[in-house]
Amino acid sequence: MTPPKFTTLGCRLNAYETEAMKDLAAQAGLENAVVVNTCAVTAEAVRKARQEIRKLRRDNPDAKLIVTGCAAQTEPETFAKMAEVDAVIGNTEKMTPDIWKGLAADFIGETEAVQVNDIMSVTETAQHLIDGFGTRSRAYVQVQNGCDHRCTFCIIPYGRGNSRSVPAGVIVDQIKRLVDKGFNEVVLTGVDLTSWGADLPAQPKLGDLVMRILKLVPDLPRLRISSIDSIEVDENLMQAIATERRLMPHLHLSLQHGDDLILKRMKRRHLRDDAIRFAEEARKLRPDMTFGADIIAGFPTETEAHFENSLKLVDECALTWLHVFPYSPREGTPAARMPQVDGRAIKDRAARLRAAGAAAVSRHLSAQQGRTHSVLMEAPDMGRTEQFTEVRFAAEQPVGQIVRAIITGRDGHQLVA
């Protein structure tokens, strides 16, 4: 038996879902297949998916090649037309056991070559949960999928559908199993994490979920939250930031820009002062808090003055870990029809943002000299602090354990202990 090979492109949620698909494919008995889980966040992501598919076909000439993920959901015909591709399945279908049984039993016989339904009709999250993946130290738990917002640059709601939440009881039970298996850190993931609960009875908030997890799973040493929309942060989440030491002091913010006019053209729901106010408040409640952020360079109509406001946001919000995205038009989005910025200017602005981010990382690393951190070991010689900073160890440590370490220096983008 030749087990299927999986390739994941894009976000952490895709990586989670790939692990779930591995389980589903194994249960179905799928053999000699290559599965590509695609990303659709930019036109470049779709181009890379096509490139990867061609490469995988060359490397696996006799395998069944299945394409899924956000790009398969938003433009199935693009992949169905590729000679290298045998089947295209959507984001809902990829989490459905019967789909995998069909693919395994009668590949492209009675099985349709393209199985992509209307994602907007989906009202529930897939209940196929996996108990951790990636490392022996950290587990990722999907608590939410989809997005109800329609930012003008973003195609993701059309790949993921509207927001759906996993019930709190299901999440808590899964985290209990993960702790019993020895995981010392759990990360809550989703497409629009701070919208968790809006579709559930009583409409609980993300802060309610965090408080419930920490109360009902007292043996969980570390809980981490992935990317959030700061304008949606609720009172209980702020309370957790202030009082719960097991909630890690690292938040990745979906900021996207630092200029109010561009934020309005993006159809974001916050203004620059909202972002600054949130960062100041969170840092006041938790002085060791660090922030990551997504920022787009060169959004349509962006002038140099608009861009400078994004650049200033790095200092004004005390951002440390930047994810910089040079804007590229995504067909099917309103922003693609707006007046575009010159490509050279986009490249230059992205480079300047990355330089500002590198300087912020350097300041953060230098400030850790001589401090003691609790480090979760991901490899025998490498772990991460509470703020998600990498630490390199001279002596080997037990993988998956949390060790106390004094920071003695830095090496590139890593601390040394």
Side-chain angles (χ1 to χ4, degrees), residues 12-13 15-17 19-20 23 125 127-145 165-190 193-194 196-197 200 204-228 233-252 282 285-292 372-379 382-391 397-405:
R12 179 62 67 179
L13 187 54
Y16 178 100
E17 290 172 346
E19 296 302 310
D23 281 356
T125 47
Q127 291 299 305
H128 189 92
L129 300 176
I130 57 165
D131 287 345
F133 79 95
T135 68
R136 283 176 283 167
S137 53
R138 179 179 297 107
Y140 295 83
V141 174
Q142 180 185 355
V143 305
Q144 182 274 339
N145 203 341
S165 308
V166 178
V170 175
I171 296 165
V172 169
D173 287 346
Q174 187 187 11
I175 292 174
K176 285 179 178 176
R177 291 197 304 272
L178 291 167
V179 171
D180 288 344
K181 287 186 171 189
F183 286 96
N184 280 320
E185 182 175 297
V186 165
V187 186
L188 304 182
T189 68
L193 200 57
T194 31
W196 179 87
L200 296 176
K205 302 287 188 182
L206 181 63
D208 302 323
L209 176 63
V210 167
M211 289 295 220
R212 186 168 177 178
I213 291 167
L214 292 169
K215 179 183 178 182
L216 297 180
V217 196
D219 295 336
L220 172 66
R222 291 163 61 139
L223 180 66
R224 198 178 288 280
I225 298 172
S226 59
S227 182
I228 63 168
V233 169
D234 61 282
E235 202 172 301
N236 263 352
L237 186 52
M238 296 305 285
Q239 179 72 10
I241 289 169
T243 62
E244 295 286 355
R245 304 308 295 179
R246 292 185 293 149
L247 180 62
M248 294 295 95
H250 168 255
L251 295 171
H252 190 84
L285 296 173
R286 192 78 178 266
D288 58 344
M289 180 67 74
T290 60
F291 299 109
T372 301
H373 280 287
S374 293
V375 181
L376 178 67
M377 298 305 300
E378 296 181 6
M382 195 280 285
R384 289 185 189 267
T385 69
E386 304 95 323
Q387 292 90 0
F388 214 60
T389 312
E390 285 190 6
V391 183
Q397 307 292 328
V399 174
Q401 297 305 302
I402 297 171
V403 300
R404 296 284 287 172

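Contact detail for Arg404 and Thr372: the closest heavy-atom pair is NH2-CG2, 3.5 Å. Residues Gly190 and Ser226 share a closest heavy-atom pair of N-OG, 4.2 Å. Minimum heavy-atom separation, Trp196 to Leu209: CZ3-CB, 3.6 Å. Between Ile241 and Ala282, the shortest heavy-atom contact is CG2-O, 4.1 Å. The minimum heavy-atom distance between Leu200 and Pro167, with the atom names listed, is CD1-CA, 4.1 Å. Residue Val399 comes nearest to Ala379 through the heavy atom pair CG2-C, 3.5 Å, listed as atom of the first residue, atom of the second, then distance.
With a 4.5 Å cut-off on side-chain heavy atoms, Gln144 and Val166 do not count as touching. Looking at Pro221 and Ile402, their side chains come closer than 4.5 Å, going by heavy atoms from C-beta outward. The closest side-chain heavy-atom distance from Asn236 to Val210 is not below 4.5 Å. You'll find the side chain of Gln401 reaches within 4.5 Å of the side chain of Asn184, heavy atoms only. Counting only heavy atoms from C-beta outward, the side chains of Ile175 and Leu188 approach each other to under 4.5 Å. When side chains are defined from C-beta on, His373 counts as touching Gln387, because their heavy atoms get closer than 4.5 Å. With a 4.5 Å cut-off on side-chain heavy atoms, Met248 and Thr290 do not count as touching. Counting heavy atoms from C-beta on, the side chains of Leu376 and Phe388 never come closer than 4.5 Å.
Here the straight-line distance linking atom CG of Leu247 with atom CG of Leu237 works out to 7.0 Å at 0.5 Å rounding. In this structure, NZ in Lys176 is found 12.0 Å from CG in Leu220, a value given to the nearest 0.5 Å. Considering CG of Leu251 and CZ of Arg224, their distance stands at 9.5 Å, rounded to 0.5 Å. The structure places NZ of Lys181 at 8.0 Å from CZ of Arg177, a figure rounded to the nearest 0.5 Å. Leu193 contributes atom CG, which lies 8.0 Å from atom OG of Ser227 (distance to the nearest 0.5 angstrom).
Remark: His252 engages His323 in a ring pair (Phe, Tyr, Trp, His ring centres under 6.0 Å) (not counting sequence neighbours). In this structure Asp288 satisfies the salt bridge (Lys or Arg N to Asp or Glu O under 4.0 Å) test together with Arg245, Arg286, sequence neighbours excluded.
In this structure, the side chain of Asp234 does not engage the main chain of Lys205 through any donor-acceptor pair within 3.5 Å. Without hydrogens or angle criteria, Arg246 side chain to Leu214 main chain gives a donor-acceptor distance under 3.5 Å. Looking at Thr389, its side chain never comes within 3.5 Å of a backbone N or O of Thr385 through a donor-acceptor pair.
The side-chain contact (heavy atoms from CB on, under 4.5 Å) test with Leu223 singles out one residue from Ile213, Val217, Val141, and that residue is Ile213.
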In sequence, state the C-alpha distance, the side-chain angles, and the governing distance for Ser165 and Val143, and then conclude on side-chain contact (heavy atoms from CB on, under 4.5 Å).
CA-CA 6 Å; Ser165 308; Val143 305; over 6 Å; no
Quick one: do Val179 and Gln174 satisfy side-chain contact (heavy atoms from CB on, under 4.5 Å)? Show the steps, please.
CA-CA 9 Å; Val179 171; Gln174 187 187 11; over 6 Å; no
Any chance you could lay out the side chain to side chain donor-acceptor pair (under 3.5 Å) test for His250 and Glu386, step after step, and finish with the verdict?
CA-CA 7 Å; His250 168 255; Glu386 304 95 323; over 6 Å; no
Could you walk me through whether Glu378 and Glu390 satisfy the side-chain contact (heavy atoms from CB on, under 4.5 Å) test, starting with their C-alpha distance in whole Å, then the side-chain angles of each, then the deciding distance to 0.1 Å, before giving a yes or no?
CA-CA 10 Å; Glu378 296 181 6; Glu390 285 190 6; 5.8 Å; no
After noting the C-alpha distance and the side-chain angles of Val172 and Arg212, does the key distance pass the side-chain contact (heavy atoms from CB on, under 4.5 Å) rule?
CA-CA 8 Å; Val172 169; Arg212 186 168 177 178; 4.3 Å; yes
